[in-house]
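Take a look at the structure below.
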Amino acid sequence: MTALSALNILVCGIGGQGVMTAAEVLAQTAIDHGFDAKKSEVAGMAQRGGVVTSHVRIGPRVLSPVIAPGTVDILAAFEIAEALRWCDQIRAGGRVVANSQQLVPPVVSGGLYTYPENAVGLLHTAGTTAGFEVRVVAAGDIAATLGDRKLINTIMLGALADSLPFPAEAMEAKIVERFQARKPALAALNRQAFAAGRQAARA
Amino acid sequence: MSIVVKADAGARHLLSGDEAIARAVWEAGTRVSTGYPGTPATEILETLAQYPDLHAQWSVNEKVALEVALGASMAGARAFCAMKHVGLNVASDPLMTLTLTGVLGGLVIAVADDVGMSSSQNEQDSRYWGRFAHLPVLEPADSAEAYAMTKRAFELSEQFQTAVLLRLTTRVCHVKSLVALGAREDRPAAGFTIEPARWVMVPANARRRLPLQLEREQKLAAYAETCDLNTEETGSDFRVGFVVSGPAALHLREAFPNAPLLKLGLGYPLPVERVRTLAARVDRLVVVEETEPLVETELRAAGLTVHGKDILPRIGELTADVLAPPIRRLIGEPEPTPTSAPRPAAVGGGLFPRPPTLCAACPHIGVFSTLFAMRRKVVIMGDIGCYTLGAGHPWHALDSCIAMGASLGMALGIDKAGGKSDANKAVLAVLGDSTFLHMGMQGLLNIVYNRGNVTTLILDNRTTGMTGGQNHPGTGHDVHGESAPRVDFAQLVEALGIKRERIKVVDSYDLPLLFRTIRDEIKVPEPSVVITGRPCTLIPEFERRTPHQVLEDRCTGCGNCMDLGCPAITVRRREQRVLDGETFDATFTTIDSRACTGCTMCVSACSHSAIVPIANAPSTGACS
């Protein structure tokens, strides 16, 4: 991010995974740190198991809320096939942080389409070809270990935390603050999930 | 409670356009706010309903919503109503005459166009209504503008005694950006004054109002020439200048930061002289508007030479990447070298789609798998809601989707057309509870009155599902979630003239009963109504039960459970099997116990008793 341009983060996943909430935490934390930020999504009917993307732009002053094609600095993919779907949006020198989990839609399990074999490998190959960095975290497994599938978005935010223009601790505090306000019983678990995601992205 | 409701004056918050508008409506001292859910405008009224000191309501449809708001304005109160673009079509009848009466208390109508069509059946341009109804149109670009212009809209409404249209797009409603907030004004209502010449629009009175309407429009046009809602940017590159409105202004500034431009906050009437001044300063003038060429056409009519839809798309959003190439070509500037990564081979094109689908245990699944089973014998006229997904995989059991409540009229039309290929088919209309109350009742009455042979399925899932679960007169709750009178659908359709014995209330989880009921009703040559009453899985009334599993040793691979279309049922393995000397592809399934809520629809689809409850499983598993 230069002084004038914005940091473009594309968060993608599937309806119900908490993509929009994660995007909101990113934008909120940026604003708390004195940045301007815009967060945009056109989820449409995606609540019903479809693809969800959210654009987050962070900078001194953000005009358009839309990330232009091919200018994504960081792709945060909550599902591995979605990482493949959107990785062509990453600029050369950009980065993808992807959850290795596979979520198979009915059109695949019903036999109309196939799920790509070795999606993680394909993503690495794409990264080498197109010149972007690939970091894969097993957020699904981490969530299963911690005992709640809904932790995926907190784990993914943890995995992103060291790629952002503000301290990881600031975002962690923002997440904990949100849970303290709404579901205080889950605050500690989310702190754990954030730390696990952050650790996984460093590994 | 939404942060915007609690926030103090002077606070700055990251707000969506919808939230920002709600806050501004409240701050403006509005006493009555109305609407009907519709993406992307739904959250405006949902947010307003959280304020304790104004009346908010979900009205049965947008026409009624606008009439309630108008009534409040006639009583001197500031009033507001919100709807999506197609909603204003419904409300256009009062709109076209309230422009003659004008208003007393400020009346602002927020209308949200779904530019890009993320969740709508068409992409219409609501700015036409400003021209058609002679009303001013404000066009914010982001949340901060949406907030400021909403407040200005109330002032304009009272200054010019007219309703004001606040034209939004999905990119205004659903983008979050920073907004600085203020305090609520106190705006008591003076009360209604009997004034027939003003409010009774019989021809003699309406004729006297017509010149006033046109005079008002002229005053607004003069106002547009000086007001600060329209803003100029001097710029430094005079090869091309722009007239632009809405979120496209932000995209444009990003693509051409040094270009002179006139940004229209008041999008109608047009400040033609200000455009003329800009035109004189630049080599070429381009009009950037989403979606129809309205401004462009009017500027040409005023004698200006402008570009617009000759070079720019007439469909969808005008984002920076859409705007830049044609405008660069216009000024003869070379394309910059692409910086984007090449799309990695074997990744993009071949990837499976992920279309939206019905939820596990959605009561509509039972209906559409039943209709799929009788697919060749029925024509199925559909409607607007989650159940429109019945048109998709694997049911393919919904044959039309046009407008709210239209299923009933279209079904009667197909019945009366007596088409050759329909001779041996029954005609069905399928629509949801909220849609039926919005605009379906009239269609059903029309079927009864005109002696149609249509079987109507009212899928009562006790909520407005597709827009996220809003209350309506059939849910027993109001916009705040408080208890409210609840319509009885069976009594209602009986009152509309459906014979009592032709009204069947069935459980959509009971697939054999549902099949028998629909099969029997379509055989009867008179109108009948089948009402299904299971709640949506996303509302509190929904009851989770013990998740189920497929017993491997009993599963024969018949695949019948897959045909249901439940997203919790997936294929474990496929193999070729031989049965009675014939080879067939066997599909062995498994159930995702985290997604399954024990609705048991698949149990009745399985003729081998292979699907059973999981012993000792918790009945309330975590499920997204």
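- Of the residues considered (B/Pro353, B/Cys566, B/Ala248, B/Ser177), B/Pro353 shows the highest number of contacts with chain A, using heavy-atom pairs under 4.5 Å.
- Residues forming a ring pair (Phe, Tyr, Trp, His ring centres under 6.0 Å) with A/Tyr115 (at least two apart in sequence, or on another chain): B/Phe352.
- Aromatic ring orientation, B/Tyr387 versus B/His364: perpendicular (interplanar angle above 60°, classes split at 30° and 60°).
- In this structure, A/Phe194 has no ring pair (Phe, Tyr, Trp, His ring centres under 6.0 Å) partners at least two apart in sequence or on a different chain.
- Here B/Lys176 is the residue among B/Arg12, B/Met117, B/Arg574, B/Lys176 with the most heavy-atom pairs under 4.5 Å with chain A.
- At a 4.5 Å heavy-atom cutoff, the contact between B/Thr570 and chain A is made by backbone and side-chain atoms alike.
- Between A/Gln17 and A/Val52 the shortest side-chain heavy-atom distance does not fall below 4.5 Å.
- Judged by distance alone, with hydrogens and angles left aside, the side-chain atoms of B/Asp113 form no donor-acceptor pair with the main-chain N or O of B/Val115 at under 3.5 Å.
- Proximity to chain A (any heavy atom under 4.5 Å) is restricted, for B/His393, to the side chain, taken from C-beta onward.
- For a residue to count as touching a neighbouring chain, one of its non-hydrogen atoms must lie under 4.5 Å from one of that chain's; by this rule A/Leu112 touches chain B with the side chain only.
- The greatest number of non-hydrogen atom pairs below 4.5 Å with chain A, out of B/Leu250, B/Leu178, B/Asp142, B/Leu252, is found for B/Leu250.
- Cation-pi geometry between B/Arg573 and B/Phe588 is met: the NZ or CZ atom falls under 6.0 Å from the ring centre, inside 45° of the normal.
- There is no contact between B/Pro394 and chain A, counting heavy-atom distances below 4.5 Å.
- Using a 4.5 Å cut-off between heavy atoms, B/Asp592 contacts chain A through its side chain alone, with no backbone atom that close.
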